[in-house]
Amino acid sequence: GAGVAIVTGGASGIGLASAGALRAEGFEVAVLDLAPPSGVDCLAVHCDVTNQSDVDNAVAAVVADYGRIDVLVNNAGITGSRSATVLHETPVDEWDRVHAVNVRGPFLCSRAVLPVMLGRGSGHVITIASVAGLVAFPGRSAYTSSKGAALMLTRSIAVDYAARGIRANAICPGMVYTPMTAWRLDQPDLRAAVLADIPMGRVAGPDDIAEAVVLLATGRLGYLNGHPLVLDGGALAH
Ligand code: NAD
Ligand code: KPC
């Protein structure tokens, strides 16, 4: 096979599409999520990525089943409720929850997986950040700051582990139609506002992002390290 890949948050949206695409490419896939994935042939492990023992136990279960980990896809993420908006109106517990999933989660998962990768002297940590980690998404302070942190966590891994055969890259999607964003994109006026900023005139689908996950996971672009791969239909070029 192509190797063993863990996908966090693989029960929905971008993670589910990535798990399916990795499986189709020949990877053994383990999905770590609060919810069980459906429709993908994988090892499903119930795991809250903010919980250290959940993460450590889940990674141990993957190693017990598959014996190695080649790819970690840090994908689980949340925006917070609608109340997590501009900074002074953001409830403190919403800020903490968003950062717990989007930053502590990739930290804990990478912390558990890196020793396994170090043992074989190879591996790739792929983190689904966002264009919101590069430019601020209006009215989403907690999310924007968490994605900036997730990108720099990725670069920290890239710098610290490259000499030991491990790479780390981020994928920075623009707007993707998933359960996360359906509330916005299903409202015609809000959808129109989003599309006005996208030169290609469409939002992404989960498969657009999964394709990049597979490209990186399979070891193509082998000199890429610490990079934020932007997939946004040209929005940031606008
Ligand atoms: P989604 O809501 O469809 O799926 C997220 C998945 O993560 C769900 O299955 C959920 O159960 C899981 N999850 C949430 N909290 C978790 C936790 N504590 N532990 C384990 N699993 C948890 O979202 P999506 O749109 O597919 O987003 C996936 C990633 O892509 C996120 O990191 C998101 O920030 C990022 N992203 C999304 C978009 C977009 O427009 N949808 C754009 C850029 C980046
Ligand atoms: C671009 C991205 O990462 C999503 S930011 C907007 C999420 S939401 O406010 O839920 O539409």
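Start at 1 and go down the list; that is how both ligands and their atoms are numbered. Any value given below was found using the heavy atoms of this structure, including those in side chains, with hydrogens, waters and symmetry copies removed.
Of the protein's non-hydrogen atoms, Pro173 O, 3.4 Å is the one closest to atom 43 (C) of ligand 1. Counting protein heavy atoms only, atom 23 (O) of ligand 1 is closest to Met180 CB, 3.6 Å. Regarding atom 7 (O) of ligand 1, its nearest protein heavy-atom neighbour is Gly9 CA, 3.4 Å. Summary of contacts: the protein heavy atom closest to atom 25 (O) of ligand 1 is Thr178 OG1, 2.5 Å. Scanning the protein heavy atoms around atom 36 (N) of ligand 1, the nearest turns out to be Tyr143 OH, 3.6 Å. At the top of the distance list for atom 5 (C) of ligand 1, counting protein heavy atoms only, stands Gly77 O, 4.0 Å. Annotation: atom 22 (C) of ligand 1 to nearest protein heavy atom, Ala76 CB, 3.8 Å. With hydrogens left out, the protein atom closest to atom 7 (C) of ligand 2 is Thr79 CG2, 3.6 Å, a heavy atom. Atom 26 (O) of ligand 1 has as its closest protein heavy atom Ile14 N, 2.8 Å. Scanning the protein for heavy atoms near atom 11 (O) of ligand 2, the closest one is Arg184 NE, 2.7 Å.
Near Tyr143, with a cut-off below 4.0 Å to any heavy atom, the atoms of ligand 2 are 2 (C), 3 (O), 4 (C), 5 (S). Residue-ligand proximity, Ser130 to ligand 2, at heavy-atom distances under 4.0 Å covers atoms 1 (C), 2 (C), 3 (O). Using a 4.0 Å cut-off to heavy atoms of Met175, the atoms of ligand 1 that qualify are 40 (O). Those atoms of ligand 1 with a heavy atom of Cys47 less than 4.0 angstrom away are 19 (N), 20 (C). In summary, the atoms of ligand 2 found under 4.0 Å from a heavy atom of Trp183, numbered by their order in the structure, are 8 (S), 9 (O), 10 (O), 11 (O). The ligand atoms of ligand 1 that sit less than 4.0 angstrom from a heavy atom of Asp48 are 17 (C), 18 (N), 19 (N). Less than 4.0 angstrom separates some heavy atom of Ser130 from each of these atoms of ligand 1: 43 (C), 44 (C). The ligand atoms of ligand 1 that sit less than 4.0 angstrom from a heavy atom of Pro179 are 3 (O). Each of the following atoms of ligand 2 lies closer than 4.0 Å to a heavy atom of Met180: 10 (O). The contact set between ligand 1 and Gly13, taken as ligand atoms under 4.0 Å from a residue heavy atom, comprises 3 (O), 26 (O).
Listed by chain and number, the residues in a side-chain contact (heavy atoms from CB on, under 4.5 Å) with Ile78 are Arg97, Val98, Val101, Asn102 (sequence neighbours excluded).
At least one N/O-N/O distance between Val49 and ligand 1 falls below 3.5 Å. Taking any N or O of Val101, backbone or side chain, none lies under 3.5 Å from an N or O belonging to ligand 1. Residue-to-ligand polar distances place Val176 within reach of ligand 1: an N/O pair is separated by less than 3.5 Å.
Using a 4.0 Å cut-off between heavy atoms, Ala132 makes no contact with ligand 1 at all. For Arg140, every heavy-atom contact with ligand 2 shorter than 4.0 Å involves the side chain, none the backbone. Neither the backbone nor the side chain of Cys172 has a heavy atom within less than 4.0 Å of ligand 1.
Ion pair Arg202/Asp208 flagged as a salt bridge, since at least one NZ, NE, NH1 or NH2 atom sits closer than 4.0 Å to an Asp/Glu carboxylate oxygen. Salt bridge Arg68/Asp70: present, at least one basic N to carboxylate O contact under 4.0 Å.
When only modelled atom types and interatomic distance are considered, His88 and Ser141 share no side-chain donor-acceptor pair under 3.5 Å.
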How far apart are the C-alpha atoms of His99 and Ser145, what are their side-chain angles, what is the distance that settles it, and do they pass the side chain to side chain donor-acceptor pair (under 3.5 Å) test? CA-CA 8 Å; His99 278 258; Ser145 54; 2.9 Å; yes
Apply the test side chain to side chain contact (heavy atoms under 4.5 Å, CB included) to residues Phe27 and Val71: give CA-CA distance (whole Å), side-chain angles for both, the deciding distance (0.1 Å), then the verdict. CA-CA 9 Å; Phe27 282 88; Val71 176; 4.0 Å; yes
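Between Ile128 and Pro173, the shortest heavy-atom distance links the atoms CG2-CG, 3.9 Å. A pairwise comparison of heavy atoms in Gly15 and Asn75 identifies CA-ND2, 3.3 Å as the closest pair.
Looking at heavy atoms from C-beta onward, Phe137 lies out of side-chain contact with Thr79 at the 4.5 angstrom threshold. Side chains of Tyr177 and Asp186 form a contact here, defined as non-hydrogen atoms less than 4.5 Å apart. At a threshold of 4.5 Å between non-hydrogen side-chain atoms, the residues Leu231 and Ile171 count as touching. Residues Val125 and Leu114 meet the side-chain proximity criterion, which asks for heavy atoms closer than 4.5 Å. Looking at Val194 and Leu185, their side chains come closer than 4.5 Å, going by heavy atoms from C-beta outward. Under the 4.5 Å side-chain criterion, counting only non-hydrogen atoms from C-beta, Glu89 is in contact with Val86. Side-chain contact between Cys47 and Val55 is present, with at least one heavy-atom pair separated by less than 4.5 Å. At a threshold of 4.5 Å between non-hydrogen side-chain atoms, the residues Ile126 and His124 count as touching.
Closest heavy-atom approach to atom 1 (P) of ligand 1 within the set Ser12, Gly133, Cys109: this belongs to Ser12. Here the shortest heavy-atom distance to atom 29 (C) of ligand 1, taken over Val7, Thr8, Asn75, Asn51, belongs to Asn75. Across the listed options Leu34, Asp33, Ile209, Asp33 owns the non-hydrogen atom lying nearest to atom 11 (O) of ligand 1.
Counting non-hydrogen atoms of neighbouring residues, nucleotides and ligands closer than 6.0 angstrom, the CD atom of Gln187 exceeds 12 such neighbours.
Among residues at least two apart or in separate chains, side chain to side chain donor-acceptor pair (under 3.5 Å) pairs with a member in residues 34-44 are Arg23-Asp41.
Taking a 4.0 Å cut-off on heavy atoms, Gly174 registers as neighbouring ligand 1. The shortest separation from a heavy atom of Ala132 to ligand 2 is not under 4.0 Å, leaving the residue out of contact. Distances shorter than 4.0 angstrom do not occur between any heavy atom of Ala100 and any atom of ligand 1.
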